[in-house]
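One structure is given here, and the rest of the page talks about it.
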Amino acid sequence: MAPQTRNQFPKVVIERDSDSEPSSSEEEEVEDQEEEDEEEEEVVESENRERKEEVLDEKKKGKAPITISLKKVCKVCKKVGHEAGFKGATYIDCPMKPCFLCKMPGHTTVTCPHRVATEHGVIPAPRRNTSNPLEYVFERQLRPGILPIKPAFIIPDRVNCAVIRYHSRRVTCLEFHPKNNNILLSGDKKGQVGIWDFAKVHEKIVYGNVHSCIVNNMRFKPMNDDSIYAASSDGTISCTDLETGISLSLMNLNPGGWQGPSSWRMLYGMDVNSEKGVVLVADNFGFLYLVDTRSNNKTGEAILIHKKGSKVVGLHCNPVQPELVLSCGNDHFARIWDMRRMEAGSSLYNLAHKRVVNSAYFSPLSGSKILTTSQDNRLRIWDSIFGNLESPSREIVHSHDFNRHLTPFKAEWDPKDPSESLAVIGRYISENFNGAALHPIDFIDISTGQLVAEVMDPNITTISPVNKLHPRDDVLATGSSRSLFIWKPKEESEPVEEKDERKIIVCGRAEKKRSRKSGNRSDDDSDDDKFASKGSKLKSKKPEWKLTRCSNKVNR
DNA sequence: ATGGCATGGCTCC
DNA sequence: TGGAGCCCCTGCCA
């Protein structure tokens, strides 16, 4: 498939110093110099000094100012002749390195075809057929439940954004209340759990003593929405009453306390099988534990489900057949299991990835698709768990590979999309939006690889790795560094549409109007909460953002 | 204003 | 097999 251009996307402008050599010769120069770089590196400093002195001399003599070209040293590869880093709001890659987005050599991120179009190289659905009998049953019984035609995505031209910051460390997980539409739960790296009523904006509760370090996953207790389970790197699972904040520890993997990093167990992946009344949780050594929700006790022995000593970061029970379990972890695999006979090596399928798998989820309605996020900068989709699972149905190159200092990116399904084709994921790489380097949150049509929409705010300059779509409303929740955001369509701009059509929240891309200077900061310097429409909030700050309506890019 | 640092996976030996 | 050192666009704080 030929690369397609997103015409309407902002052009990436590479600013070159006026005093630098023409670009054509620059690349060649780099090639030529490669061998002699070693020596030149040492010379460059003194050379620069000399040239500067020359300029000063010229100035003293009262001659007309001249422009000179100083040797550049790349901070990435330490070689001379080019520079990597931000030029304004655009990041220039080191040409000596392979593309950071798709990991292929021969080009840099700026010219990567996957950056130009997320659908580049993606083979769209329909998937391949197999003659597997299970797939036949699937086609007969489940397929009719999945809408073959995607609903129209009605895209408002603006969104309201509510901002709150009550976490003192970065946000690690989010969960919407199963019944109360305005309640968002958040966990952080410090072990705190927050409850935010985003309809009332200022109303929040923070429980500081739920865990002593990272809250990795939270799930509401089935049949009792006043309690949540949380798995933490402190090695415990907690069950916390949201009204009182009283927390009960269901399991502690480190009863002997800290004996050094080689023995300290941390809990990552977690899910609840409500039919069986079991909490499934997995640790950083590859083991799965089952906890009975009635007795609040561990049942059975730990089961090795991933490579021994590797972290199991995700667990998900199939929404239709809860005994089917999907796990993923640092051994580069996502694995499908039957809970009824789980033991080391008994996985039904092993889905290979090239790098660490950050998340793996069954599709939310039929449970028949799988979506994974891997640190090789690819989303992978398997269209049918009953079909051929040898290789994914599609791979979508998407920037989400940064792993240090950030909560891992996870692509999340839209639980409201009847066609099970919409996913949301934050973007690591920034783009130059009218002079501001912003990290958007992407809505991707996983059946085609197309970028349906991107959400960003000129005041939010941080990366947003944690995202969750509301199970019922057109609301997106985002965790970005220590802040939480709620994005909603702006009411007055909501188009009138047929009732069975659903909308997604999207922020139009801003037209160029404002300087970089006014675009910085705000991730909330005060601890005040804010709720503002883009229009009103930004008007007071004087930036003139003109928000354009995003076109509906979904193929129908 | 600016440097230090927390921190995790990967590669190399 | 395990420890040292490297790394790419971080974000916060002293």
Side-chain angles (χ1 to χ4, degrees), chain A residues 12 14-15 74-79 82-105 107-110 112 115 165 167-172 188-191 213-214 216 233 260-264 266 268 284-286 306-313 328-333 353-358 373-377 398-409 426-433 435-440 456 459-466 479-484 516 519-527:
Chain A
V12 179
I14 304 167
E15 294 175 18
C74 174
K75 65 176 180 184
V76 175
C77 70
K78 312 285 188 290
K79 287 185 176 165
H82 64 276
E83 269 180 315
F86 274 106
K87 283 263 190 287
T90 304
Y91 189 86
I92 309 300
D93 277 337
C94 169
M96 297 292 126
K97 299 271 180 172
C99 174
F100 288 119
L101 178 54
C102 71
K103 314 293 183 198
M104 307 301 277
H107 63 271
T108 60
T109 313
V110 173
C112 179
R115 184 170 190 179
R165 190 166 76 176
H167 286 289
S168 57
R169 290 290 181 271
R170 60 167 213 253
V171 174
T172 53
D188 72 17
K189 190 169 159 286
K190 205 180 175 189
C213 61
I214 313 179
N216 289 307
S233 291
S262 58
S263 62
W264 184 260
M266 303 187 261
Y268 284 84
N284 58 329
F285 289 102
H306 279 262
K307 185 181 169 187
K308 199 167 187 181
S310 75
K311 194 192 284 179
V312 183
V313 291
C328 64
N330 281 20
D331 64 351
H332 301 193
F333 278 96
H353 293 68
K354 292 214 173 63
R355 290 288 189 90
V356 167
V357 189
N358 290 348
T373 308
S374 171
Q375 289 194 16
D376 65 355
N377 263 357
H398 180 265
S399 170
H400 53 251
D401 64 340
F402 197 65
N403 52 49
R404 273 189 316 175
H405 322 307
L406 285 177
T407 306
F409 290 87
R427 197 190 306 172
Y428 167 57
I429 202 165
S430 71
E431 283 199 61
N432 182 349
F433 290 99
L438 302 179
H439 306 267
M456 87 290 292
N459 290 302
I460 298 168
T461 54
T462 48
I463 295 171
S464 305
V466 192
S480 186
S481 188
R482 295 154 55 177
S483 301
L484 298 174
R516 166 122 172 97
N520 52 17
R521 279 313 308 172
S522 87
D523 162 22
D524 221 279
D525 284 322
S526 69
D527 271 350

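Each chain gets a letter, A, B and so on, in the order the sequences are listed, and its residues count up from 1.
The aromatic rings of A/Tyr428 and A/Phe409 sit perpendicular to each other, their planes meeting at more than 60°, with 30° as the lower class boundary.
Along DNA chain C, the nucleotide closest to A/Ser168 and the one closest to A/Asp93 are compared, and the more 5′ of them pairs with A/Asp93.
Judged by distance alone, the side chains of A/Asp188 and A/Ser168 never bring a donor and an acceptor atom under 3.5 Å apart.
A straight line from NZ of A/Lys189 to P of C/dC13 spans 12 Å, rounded to a whole angstrom. One can place CE of A/Met96 at 14 Å from P of C/dC8, the figure rounded to the nearest angstrom. Taking atom CD1 on A/Ile429 and atom C1' on C/dC7, their separation rounds to 16 Å, with Å as the unit. What separates CG of A/Asn358 from C1' of B/dC10 is a distance of 15 Å, to the nearest Å. Atom P of nucleotide B/dT11 and atom CD of A/Gln375 are separated by 12 Å, given to the nearest angstrom. Residue A/Leu406 contributes atom CG, which lies 15 Å from atom C1' of B/dC5 at whole-angstrom precision. One atom, CZ of A/Phe409, and another, P of B/dG8, lie 16 Å apart when rounded to the nearest Å. If you measure from atom CD1 of A/Ile463 to atom P of C/dC12, you get 11 Å, rounded to the nearest angstrom.
The phosphate of B/dG9 (OP1 or OP2) has a side-chain N or O of A/Lys311 nearer than 4.0 angstrom. At the phosphate of B/dG8, neither OP1 nor OP2 sits under 4.0 Å from any side-chain N or O atom of A/Asn330. Residue A/His167 has no polar side-chain atom (N or O) positioned under 4.0 Å from OP1 or OP2 of C/dC12. For A/Thr462 and C/dT10, the shortest distance from a side-chain N or O to OP1 or OP2 is not below 4.0 Å.
Pairing for C/dA4 goes to B/dT11, judged as Watson-Crick or G-U wobble with the two contacts each under 3.5 Å.
Using a 4.0 Å cut-off between charged nitrogen and carboxylate oxygen, A/Lys103 and A/Asp401 count as a salt-bridge pair.
Nucleotides C/dC8 and B/dC12 have their P atoms positioned 14 Å apart, rounded to a whole Å. For the P atom pair drawn from C/dA14 and B/dT7, the interatomic distance equals 16 Å after rounding to whole Å.
Residue side chain A/Arg355 does not reach the base of B/dC10 through any donor-acceptor N/O pair under 3.5 Å, judged by distance alone.
Of the candidates C/dC9, C/dC7, B/dG9, the closest approach to any side-chain atom of A/Arg404 belongs to C/dC7. Picking from C/dC9, C/dC13, C/dC8 the nucleotide with the shortest atom distance to the side chain of A/Lys97 gives C/dC8.
The aromatic ring of A/His405 stacks onto the base of B/dA6, its centre lying under 5.5 Å from the centre of the six-membered base ring with the two planes under 30° apart.
Closest non-hydrogen pair, A/Asn284 versus A/Tyr268, comes out as CB-CE1, 4.1 Å.
Counting only heavy atoms from C-beta outward, the side chains of A/Val171 and A/Ser480 never approach each other to under 4.5 Å.
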